[in-house]
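Order of listing sets the numbers, starting from 1, for every ligand and every atom in it. Any value given below was found using the heavy atoms of this structure, including those in side chains, with hydrogens, waters and symmetry copies removed. Please read all numbers here as calculations on a predicted model, not as lab measurements.
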Amino acid sequence: MTANHNSFQAAILQGIPTTLPPKHQFPAGVNRAPKRKDILSKEEKHLAIRNALRYFPKKWHAELGLEFAEELQDYGRIYMYRFKPNYKLHARPLSDYPAQSQQAAALMLMIQNNLDPAVAQHPEELITYGGNGAVFQNWAQYTLCMHYLAQMTDEQTLHLYSGHPMGLFPSSKNAPRVVVTNGMMIPNYSKPDDWEKFNALGVTQYGQMTAGSFMYIGPQGIVHGTTITLLNAFRKILQPDENSGGKIFLTAGLGGMSGAQPKAGNICGCITICAEVNPKAATKRHQQGWVDLLIDTLDKLVIRVRTAQKNKEVVSIAYIGNVVAVWERFDQEDIQIHLGSDQTSLHIPWTGGYYPVSLSYEEANLMLQENPDAFKKEVQKSLRRHAAIIQKHTDKGTYFFDYGNAFLLEAARAGADIMAENKIDFKYPSYVQDILGPLCFDYGFGPFRWVCASGKKVDLDRTDAIALAVLEEINTTAPPEIQMQLQDNIRWIREAKKNKMVVGSQARILYADAEGRMKIAAAFNTAIANNTIGPVVLGRDHHDVSGTDSPYRETSNIYDGSKFTADMAIHNVIGDSFRGATWVSIHNGGGVGWGEVMNGGFGMLLDGSPEAAERLKSMLFYDVNNGVARRSWARNEEAIFAIQREMDRTPQLKVTLPNLVDDALLKKLF
Ligand SMILES: NC(=O)c1ccc[n+]([C@@H]2O[C@H](COP(=O)([O-])OP(=O)(O)OC[C@H]3O[C@@H](n4cnc5c(N)ncnc54)[C@H](O)[C@@H]3O)[C@@H](O)[C@H]2O)c1
């Protein structure tokens, strides 16, 4: 064992250090989080410092008080940089962690993966993705959490309140080792500025989805999801004798998640044009090989697109500039856009998530700092113009869908002509309404993922092979309704290694239903028992069948009025917690914004034991079928089929099914 290794273990075991560490030196070139809003009053700033100093002995308060006040002034938050550990943060093999409980060690591995500078967006500020997706609020919370995990036994549970480790409580072997809540607010305190304020006070955080639940696996997840979405979007618009060759997909954003769009476009075989206002973001994606070409004028773009169309090229183009300008120019040039979408960060429209077309990138950044109210007006004007030009294209046959970035919601709030005639729905579907909901979620298909806790590539290859064999076997007897979903994922897993998307931990994603997830997990557990592979951590994205209530995204295809409720996500987290999850989490916030979504997830360590075999069956069954049952009660035809099929093979499952009412009867009533 090396000295480094010993000091890593010793630092974890120590927890909050007993001597004050030196001031933090920031590594060169690291991507830092933007300065947050200066929102606290003087009294509230006192409270924020008082709160931060709770983690440390009194003798340090004078020195740390000054330092934290500076952090609050300079960054709008107290990150406690000085307490960032010296050791490298990355997913180590499970056996490297100092732990009494293997389940606790699995959590340490996943936490460190989310903070790995190769994985995380702003690693110094403990942000994994999405600009604000926090693992912890500050380094004291991280240090304390790792310390508790190292000590805990399989008969204790650690409770985390928005990153704050409240403590270890006695529980039992069958209980989760960790329970995570992020951003849980009294509903009236869930406006965007409430997040700014209570996060600055150090009492809550924005966990996004897989950031605060320790289940992020880098860009692979989003590439898979975007590929499935685009494949099916093309299936919707193409004639049986057509393919996507030479067809155009226009969208925006080359940031954290949106950067997946050109790669997915290439996998689907079309011409992708992705506008990005930030030249740095566009260049970075180009250098990383996520997009084929960089073009910086509309004239050049038009010429290149026409050539690509003529030659039916599979090519992805980053246009450095505003997406609204591309939509408008393509209208003037009469260039047919087949698929249109948008992935600017409209879940945070006023703080730089969306750049208005009336301003250059530099002008916009200046106005954002100097006159945020004027900036907001420009954003709203731009959204109205954006919606108007999309309408012109959809009139000419473009299929436009909202890709879960709150585009339709914010455009509507800005007064754009974007509502359907019934004044309830939007004119355009969200990708969940038209694609992922009916084709995947309603049948129970969603983003199942796993991490090989040995850290070995060969284990990932073996798990890929196991998963492929299981899906192929299921496909031999699957009903026609789900064969396409199985085949898409069989193709994906066969080619997954070739796409080289593993960053950080040895992880894989695929979409599977309850049967697929349970059978794959059981086969992994057997392989672990036989020593063919090491332990495996199972999990999923929160963006799934049952984990997330989000009326404009995951549950946008719920039409019985219940899409504004969050019972499903809450049942899911409670249900998973007593059915064998190693950890569970429930968050306010996520892709569409604070107050707009409740989402939850889980992690489960497979160690090859008979207990793990029982846990995976019980928990994965509920984790998927909870949502299928709710979708079926909402009268979704595909979900009624799926839950009926599940009841036929599982006698203990008894779900309330809806009776359908004739339209004619209703029309007579009012
Ligand atoms: N559907 C899904 O599964 C899914 C998954 C992840 C994220 N999202 C959502 O997608 C959005 C983007 O996520 P991200 O992680 O890529 O965010 P990001 O902030 O890293 O990237 C967005 C990019 O859009 C660019 N941009 C903003 N306005 C523009 C404009 N008018 N024209 C051209 N470019 C513009 C920004 O410069 C930025 O680089 C978020 O709202 C997120 O919640 C959806």
Side-chain angles (χ1 to χ4, degrees), residues 31 33-34 121-122 127-133 206 208-211 216 219 221-230 250-262 264 273-285 290 318-328 341-361 364-365 368 378-379 381-383 385-386 389 401-411 430-432 435-436 440-441 446-447 509 541-544 548 550 552-554 556 589-594 596-597 599:
N31 187 358
Q121 186 182 17
H122 307 304
I127 300 292
T128 301
Y129 73 95
N132 54 4
Y206 199 97
Q208 273 281 2
M209 295 191 141
T210 52
Y216 188 66
I222 186 71
V223 173
H224 177 266
T226 309
T227 303
I228 294 285
T229 304
L230 284 184
L250 171 61
T251 183
L254 284 169
M257 296 285 172
S258 44
Q261 297 175 105
I273 298 120
C274 200
E276 169 56 66
V277 281
N278 179 349
K280 270 194 189 158
T283 311
K284 183 173 156 194
R285 287 296 179 194
W290 287 74
Y319 166 68
I320 304 177
N322 201 293
V323 70
V324 181
V326 183
W327 283 100
E328 290 180 345
S341 194
D342 192 272
Q343 239 187 320
T344 57
S345 273
L346 275 160
H347 69 287
I348 41 168
W350 321 127
T351 52
Y354 178 90
Y355 281 79
V357 61
S358 55
L359 303 170
S360 71
Y361 182 59
N365 282 329
L368 185 57
E378 290 305 322
V379 166
K381 236 195 304 178
S382 182
L383 281 169
R385 195 165 141 188
H386 201 155
I389 188 65
F401 60 96
D402 183 293
Y403 195 42
N405 65 337
F407 173 79
L408 293 174
L409 181 65
E410 286 306 333
S430 92
Y431 70 117
V432 174
I435 299 170
L436 280 194
C440 295
F441 293 167
I509 183 166
D541 193 358
H542 293 196
H543 175 263
D544 196 4
T548 295
S550 181
Y552 301 107
R553 215 165 88 170
E554 286 79 354
S556 57
V592 286
W594 182 250
E596 306 283 0
V597 47
N599 61 89

Within a strict 4.5 Å, meaning less than it, do heavy atoms of the S345 and T351 side chains meet? no
Under a heavy-atom criterion of less than 4.0 Å, does A275 contact ligand 1? yes
Among E276, Q208, R553, Q121, the residue with a heavy atom nearest to atom 25 (C) of ligand 1 is E276
For V323, the atoms of ligand 1 under 4.0 Å from one of its heavy atoms are 32 (N), 33 (C)
Give a yes/no verdict on whether any heavy atom in H386 is under 4.0 Å from an atom of ligand 1.
no
* E328/R385 salt bridge by N-O under 4.0 Å criterion -> yes
So for Y431 against ligand 1, with non-hydrogen atoms under 4.0 Å, the contacting part is side chain
request  = Would you indicate whether the side-chain heavy atoms of V597 and Y552 approach each other to under 4.5 Å?
outcome  = no
In this structure, atom 29 (C) of ligand 1 is nearest to the protein heavy atom T344 CG2, 3.3 Å
| request: May I ask you to check whether L254 has an N/O atom sitting below 3.5 Å from an N/O atom of ligand 1? | output: no
Residues Q208 and G590: closest non-hydrogen pair is OE1-C, 3.2 Å
A student comparing Y319, Y355, Y129 should find that the heavy atom closest to atom 31 (N) of ligand 1 comes from Y355
Looking at G225, G253, G256, the heavy atom closest to atom 20 (O) of ligand 1 belongs to G256
Shortest non-hydrogen pair, S258 vs A252, comes out as CB-O, 4.2 Å
**Message:** So, 4.0 Å and heavy atoms of G321: is ligand 1 close enough to count as a contact?
**Reply:** yes
Exercise. Look at the aromatic rings of F441 and H543 and report parallel, tilted or perpendicular, splitting at 30° and 60°.
Key: perpendicular
Near G404 (heavy-atom distance under 4.0 Å), the atoms of ligand 1 are 9 (C), 44 (C)
I want to check something: taking the side chain as every heavy atom from C-beta on, are H386 and F407 in contact at a cut-off of under 4.5 Å? yes
Note: I222, heavy atoms under 4.0 Å from ligand 1, region reported as side chain
Atom 40 (C) of ligand 1: closest protein heavy atom, distance to 0.1 Å, is H347 ND1, 3.3 Å
TODO: Taking the six-membered ring for Trp and the full ring for Phe, Tyr or His, determine whether the centres of Y403 and Y431 are under 6.0 Å apart.
DONE: yes
What I'd like to find out is whether the side chain of T548 reaches to under 4.5 Å of the side chain of R553, using heavy atoms alone. no
Minimal heavy-atom distance between G133 and A211, with the atoms involved, is O-CB, 3.3 Å
**Heavy-atom check, side chain of L409 versus side chain of V592, under 4.5 Å** = no
Numbered in order shown, the ligand 1 atoms found under 4.0 Å of a heavy atom of G591 are 41 (O), 42 (C), 43 (O)
Would a 4.5 Å heavy-atom cut-off, applied to side chains only, mark Y129 and M209 as touching?
yes
If you compare S258, P219, S341 by their heavy atoms, the one closest to atom 16 (O) of ligand 1 turns out to be S258
One finds that the ligand 1 atoms under 4.0 Å from a non-hydrogen atom of N278 are 37 (O)
Atom 17 (O) of ligand 1: of G255, S345, S430, the nearest heavy atom sits on S345
Among Q343, M257, H543, closest by heavy atom to atom 4 (C) of ligand 1 is Q343
request  = Could you tell me whether ligand 1 has any atom less than 4.0 Å away from a heavy atom of G353?
outcome  = yes
